[in-house]
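This report concerns only the one structure given below.
Letters A, B, ... are given to chains in the order of the sequence lines, protein chains preceding strands, and every chain is numbered from 1. The structure displayed is predicted, hence computed values, not measured ones.
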There are 2 protein chains.
Amino acid sequence: MSNSKLYKGSLTTIILKLLNESDKMYGYEITQKVKELTKGELKITEGALYPALHKLEAEGLLEVEVKKVDNRLRKYYRLTENGEKETVNKLNELANYISTMQNLVSPKLSLE
Amino acid sequence: MSNSKLYKGSLTTIILKLLNESDKMYGYEITQKVKELTKGELKITEGALYPALHKLEAEGLLEVEVKKVDNRLRKYYRLTENGEKETVNKLNELANYISTMQNLVSPKLSLE
DNA sequence: AAATAATACATAAGAATCTTATACATAAGA
DNA sequence: TCTTATGTATAAGATTCTTATGTATTATTT
């Protein structure tokens, strides 16, 4: 995803949030969207993406619709009801993470 | 560390930053400090911490000083010169990560 | 006095997530 | 024609963490 290890664990959050905005998306589209939105900072590899999508589907957070476009296969994913709930959870977790980490690394206001 | 998977990959950054502030610390002290600073949000387990410290030492980012206090062993860690440089890198990576993720998940300002 | 919690370190098996490599297939561009 | 782009998929290996276990001393509680 990036040379930084911090992105480890973030992929699910990213997928859910993008699907929450875009209604339905297919895998390759997600990789391109992320590359575009982050101006190349973050590149989702297929080896990470597809297993993640399959897992989310298996967990009932995503549902699939297969389409053939230009004689090529596309698997469109969209959030299920549980998927929408989980999106809220994941976004809260991200906000918490950011807050906690900022608190940990920001120079403390010293009272001495 | 937490029920949230987002913390995966953050431990090194946390350790380096704490040592950057506190000059020298020992492992158990780090776990307590993190618990205190995050008000219990984040608990560093020994199974994660000690291997991480050993790895940082092996990489030459930390150096160790063993002391006996109250007949109990303490291994004080402090940043080496390279460790200080790497701390800067890690903090930049964190700032980048936060910025990128906020950009990804924040509702976009639509121009349409 | 005895049991438990706290302090202090360590490692090993397994889970989870990602990288890297490979595979297949079609369409578009050089 | 060869490479790049589009599109999905999996498998081996690396990395990081969880959970469990082990050892040892000191402090606290029962």
Side-chain angles (χ1 to χ4, degrees), chain A residues 1-16 24-36 40-59 61-62 64-77 90 93-94 97 101, chain B residues 1-16 24-36 40-59 61-62 64-77 90 93-94 97 101:
Chain A
M1 302 177 75
S2 154
N3 61 318
S4 169
K5 291 162 191 168
L6 294 173
Y7 288 96
K8 203 167 258 241
S10 309
L11 184 53
T12 296
T13 305
I14 293 170
I15 292 171
L16 292 178
K24 67 174 179 184
M25 295 181 86
Y26 56 99
Y28 186 75
E29 188 183 8
I30 292 177
T31 67
Q32 299 307 302
K33 189 73 175 173
V34 169
K35 203 194 291 180
E36 174 205 331
E41 238 278 301
L42 193 53
K43 286 168 188 165
I44 308 295
T45 60
E46 311 97 313
L49 179 66
Y50 291 115
L53 287 172
H54 300 160
K55 195 188 173 204
L56 288 170
E57 188 195 350
E59 289 169 349
L61 303 181
L62 302 185
V64 191
E65 183 191 350
V66 180
K67 280 198 177 176
K68 208 158 194 178
V69 180
D70 287 337
N71 205 32
R72 255 177 308 194
L73 203 71
R74 280 188 194 169
K75 292 178 89 169
Y76 280 96
Y77 291 90
K90 289 294 182 189
E93 280 184 11
L94 177 61
Y97 169 84
M101 287 300 286
Chain B
M1 302 176 74
S2 155
N3 62 317
S4 169
K5 290 161 191 168
L6 294 172
Y7 289 96
K8 203 167 259 249
S10 309
L11 183 53
T12 296
T13 305
I14 294 170
I15 292 171
L16 292 179
K24 67 176 180 183
M25 295 181 84
Y26 55 100
Y28 185 75
E29 188 183 7
I30 291 176
T31 67
Q32 300 306 303
K33 188 72 177 175
V34 169
K35 202 195 290 179
E36 174 205 329
E41 238 277 302
L42 192 53
K43 285 168 189 164
I44 307 295
T45 59
E46 310 97 314
L49 179 66
Y50 292 114
L53 287 173
H54 299 160
K55 194 187 173 208
L56 289 170
E57 188 194 349
E59 290 168 350
L61 304 180
L62 302 186
V64 192
E65 183 192 349
V66 180
K67 279 199 180 176
K68 209 158 196 179
V69 180
D70 287 337
N71 205 31
R72 253 178 310 197
L73 204 70
R74 281 187 192 168
K75 292 177 90 171
Y76 280 96
Y77 291 90
K90 289 293 182 190
E93 281 184 11
L94 178 61
Y97 169 84
M101 288 300 287

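- When the P atom of D/dT23 is taken as reference, atom NZ of B/K75 falls 19 Å away, rounded to whole Å.
- Note that OH of B/Y7 is 9.5 Å distant from CD1 of B/I44, once rounded to the nearest 0.5 Å.
- Each of B/K43 and A/Q32 was assigned the nucleotide of DNA chain D with the nearest heavy atom; the assignment lying further toward the 5' end belongs to A/Q32.
- Side-chain contact annotation: B/E29 with B/Y77, donor-acceptor N/O pair under 3.5 Å absent.
- Within the nucleic acid shown, A/T31 has no heavy atom closer than 4.0 Å to any nucleic acid atom.
- Closest to the side chain of A/L11, out of C/dC18, C/dT17, C/dC9, is C/dC18.
- Residue A/R72 contributes atom CZ, which lies 8 Å from atom C1' of D/dA5 at whole-angstrom precision.
- Within the 4.0 angstrom heavy-atom criterion, base atoms lie near B/G47.
- For C/dC9, the OP1/OP2 oxygens have no side-chain nitrogen or oxygen of B/Y26 closer than 4.0 Å.
- The partner of C/dA30 is D/dT1, judged by Watson-Crick or G-U wobble contacts that both fall below 3.5 Å.
- B/D70 has its CG atom 12 Å from the P atom of D/dT28, to the nearest Å.
- Remark: P of C/dA21 and OH of A/Y50 are 19 Å apart, rounded to the nearest angstrom.
- Per the geometry, CD belonging to B/E65 stands 16 Å off C1' belonging to C/dA8, to the nearest Å.
- For the atom pair CD (A/E46) and CD1 (A/I30), the distance works out to 12.5 Å, reported to the nearest 0.5 Å.
- The residue A/K55 sits close only to the backbone: its heavy atoms come under 4.0 Å of sugar-phosphate atoms, none of a base.
- The phosphate of D/dT8 (OP1 or OP2) has no side-chain N or O of A/H54 nearer than 4.0 angstrom.
- As rounded to whole Å, 11 Å separates atom C1' of D/dA9 from atom CG of A/L49.
- In this structure, the separation between OG on A/S2 and NZ on A/K8 is 12.0 Å, given to the nearest 0.5 Å.
- In this structure, A/E46 reaches the bases: a heavy-atom distance under 4.0 Å links it to at least one base atom across the strands shown.
- A residue-by-residue look at B/P51 and B/Y28 shows that B/Y28 has its nearest nucleotide of DNA chain C further toward the 5' end.
- In this structure, C/dA6 and D/dT25 make a Watson-Crick or G-U wobble pair, each of the two defining distances being under 3.5 angstrom.
- The distance from the CD1 atom of B/I15 to the CG atom of B/L61 is 10.5 Å, given to the nearest 0.5 Å.
- Note on A/S10: only backbone sugar-phosphate atoms sit closer than 4.0 angstrom, heavy atoms only; bases stay farther off.
- Distance, A/L56 CG to D/dT8 P: 15 Å, rounded to whole Å.
- Rounding to the nearest 0.5 Å gives a distance of 8.5 Å between CG of B/L49 and NE2 of B/H54.
- When each of D/dC17, C/dA10, C/dT17 is scored by its nearest atom to the side-chain atoms of A/K8, the top-ranked nucleotide is C/dT17.
- Note: CG (B/N71) to C1' (C/dT7) measures 13 Å, nearest angstrom.
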